[in-house]
Amino acid sequence: MGRRENELDPDEGPVQRLAHELRLLREKAGSPSYRELARRAGYSGPTLSEAAAGRRLPSLSVTLAYVSACGGDQAEWTQRWRAASNDAVRAAATDDAPAPYRGLARYGTDDRHLFFGRAPEVDRLLRMMAEHRFAALVGASGSGKSSLLRAGVVPVLRDGGAVDFQPSAVRICTPGADPVRDCGALLAPAQGTVGDTVVVVDQFEELFTLCPDPAQRRAFIEMLLTAREADSRMRTLIAVRADFFGHCAEHQGLVRAIDEAHLLVSAMSVERLREAIVRPAGAVGLIVERAVTDRILAEVADEPGGLPLMSHTLLELWRRRKGKRLALSAYDAIGGVRGAVAHTANDVFNRFGPAEADAARAMLLRLISPGEGGPDTRRPVPLSELRARGVGAEVLERMVAARLLTVDGDSVELAHEALITAWPRLRGWVEDERERLRLHRRLTEATRVWEGLARDPGALYRGALLRAAREAFTTADGEPVAELNESEGAFLAASVAEDERALREAVRSARRVQVLATLLVVVVASALTAWVMWFLTREHP
């Protein structure tokens, strides 16, 4: 064994540790020459020698070829290689270099310099908004609507680059469960300024998935449609998922407004996808290997929902960058576009202890609204609903750091709905718990109403709803299960207590009736007996 190999320190880092372990495996195999290893492995001697040099992480295929030539177990070494790869990524992530990709998260209003490939759609939306006071952007989940609005349209509007009109203010909102309360104040024109207030309503489908009150939905739509009035100083742009487009037909005024001005976002062309892959890296001085670009294009071209998966893949490649390059070996290591999300999510989840894993599972399921005749959707949740303390707070922070979740103000949500379908573990949880999730969503909403009515007993569960909730969300001892937060547990406990109180009162009432009936029988019997005695005495003095 040469001097260079003897000088390798396995404590220097994960790459050096893996190289050291490969050398030990070769020694155990009798220290065959690299020429002999090359003959057995099908790779050149220099390539195999470099794998054990400790200068850079070898590809998985080279590592397994080295291991096979030395008689090692490939499954065991696959795990070792993946651990070394993940450790190397975490070590590299401690530098201060900004990431040019946003992963599953949307591009924001400060990301204009990294947002590429949608220039034609930006121009068309700006022209449409100049010609119409109400416009709609429609596209499939994962087609990049939020990024198009926030990193494409909004920065141009704020810079005064719109066509034929000058915005006085640009405001962004999402409907949520209470759109009139949460967004109503944003719809008032800016005071003391000249020009129109532009209101951008992202994720308009939340009006149908999260807001349970049809009257409130209608009221919010009417507020948005005031932009079409002749004296309005407001312009409205909404973004809605294509699979919820039909819900808009429930309001005739909304149908007419959308029919006059809407843009349907399609899948990006190969040329513009290539731009979205290569140019963000170039903006920070990096290069994407041509083979990586070609492989990504082969997986996401003609896939309207593939953009968040592509962005996540590129973020993972950036974390595994080799110098200034995003390399094909790293792409293979994470399993390509389809495997990147699952790879990241599993890596985070597998590092949780049992209690943390339970907390993570409950948290993720709370962030999903199961579809009823439609797709499953993400569900923004207030931090107060999560009650994130102790283990839960740590779990939340780790999933946010991995960009699986995003925190916006006091709200938490899945970074993208693509996570639901791209992560088999989460998809399986949803399928296994679908009916239970629906019951939980109803319980959460009932709790919100109860607390809004100052915990009025009249808003508590009764009858079939209470029986279903008790069966699903109480333990054998009658206590609320851990996945309920404090408010939900209090609501269910109060419902049970009120039901038991009503039952006791019904039993007491029944007993009183029974006692009264018995007394009545006794009184009647006594009166009848007295009458009979009187009658007999009268007839036979």
Side-chain angles (χ1 to χ4, degrees), residues 106 108-109 125-126 128-138 145-146 148-241 244-245 247-263 380 382 408-411 413 448 452:
R106 63 177 176 245
T109 54
L125 278 173
L126 292 172
M128 190 181 298
M129 293 181 67
E131 296 169 3
H132 303 273
R133 306 192 69 86
F134 187 103
L137 176 65
V138 184
K145 299 182 299 299
S146 292
L148 174 55
L149 291 180
R150 294 170 185 264
V153 174
V154 169
V156 177
L157 291 173
R158 288 179 173 168
D159 288 348
V163 180
D164 296 336
F165 77 98
Q166 179 64 47
S168 60
V170 182
R171 299 165 178 169
I172 307 173
C173 68
T174 54
D178 195 341
V180 173
R181 179 197 66 192
D182 296 341
C183 300
L186 300 178
L187 305 186
Q191 299 299 316
T193 59
V194 177
D196 294 336
T197 295
V198 178
V199 177
V200 177
V201 184
D202 195 8
Q203 299 175 44
F204 187 74
E205 62 274 4
E206 288 185 2
L207 192 64
F208 310 108
T209 62
L210 300 181
C211 179
D213 185 356
Q216 188 170 153
R217 291 200 293 265
R218 177 170 291 274
F220 182 64
I221 291 172
E222 294 291 348
M223 293 171 70
L224 296 179
L225 290 177
T226 59
R228 305 183 75 217
E229 297 174 0
D231 59 348
S232 173
R233 289 185 53 210
M234 182 174 78
R235 293 175 188 262
T236 300
L237 173 61
I238 67 172
V240 60
R241 268 177 46 177
F244 284 91
F245 197 39
H247 289 71
C248 298
E250 298 170 4
H251 192 289
Q252 289 302 309
L254 184 60
V255 170
R256 288 192 293 272
I258 293 176
D259 187 56
E260 289 180 10
H262 69 271
L263 173 63
D408 185 4
D410 64 350
S411 180
E413 64 181 330
R448 188 184 69 82

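Both backbone and side-chain heavy atoms feed into the values below; hydrogens, waters and symmetry mates do not.
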Practice item. Using atom types as modelled and distance alone, determine if a side-chain donor or acceptor of Arg233 lies under 3.5 Å from a backbone N or O of Gly195. Key: yes
Check your understanding: Any side-chain heavy atom of Arg217 within less than 4.5 Å of one from Pro214?
Key -> yes
Exercise for review: Please lay out, stage by stage, how Val154 and Val198 fare under the test side chain to side chain contact (heavy atoms under 4.5 Å, CB included).
Suggested key: CA-CA 9 Å; Val154 169; Val198 178; over 6 Å; no
Check your understanding: Under a 4.5 Å cut-off applied to non-hydrogen side-chain atoms, are Val153 and Val200 in contact?
Key -> no
Check your understanding: So do Val170 and Thr109 actually touch side chain to side chain, heavy atoms under 4.5 Å?
Key -> no
Point to revise | Check: Leu210 and Pro175 side chains under 4.5 Å, non-hydrogen atoms | key: no
Check your understanding: Short question: side chain of Arg228, backbone of Phe134 - any donor-acceptor pair under 3.5 Å?
Key -> no
Exercise for review: Verify, without hydrogens or angle tests, whether Glu205 (side chain) and Phe244 (backbone) share a donor-acceptor contact under 3.5 angstrom.
Suggested key: no
Exercise for review: List the atom of Cys183, the atom of Thr174, and the distance in Å for their closest heavy-atom pair.
Suggested key: SG-O, 3.3 Å
Check your understanding: Between the main-chain N or O of Ile258 and the side-chain N or O of His262, is there a donor-acceptor pair closer than 3.5 Å?
Key -> yes
Review point. So, do Leu207 and Ile221 sit near enough that their side-chain heavy atoms are less than 4.5 Å apart?
Key: yes
**Study point:** Non-hydrogen side-chain atoms of Leu125 and Leu148 separated by less than 4.5 Å
**Key:** yes
Review point. Can you tell if the side chain of Leu126 reaches within under 4.5 Å of the side chain of Leu157, non-hydrogen atoms only?
Key: yes
**Study point:** Atom of Leu225, atom of His251 and distance for their closest heavy-atom approach
**Key:** CD1-CE1, 3.6 Å
Check your understanding: Between the side chain of Arg235 and the main-chain N/O of Asp196, is any donor-acceptor distance below 3.5 Å?
Key -> no
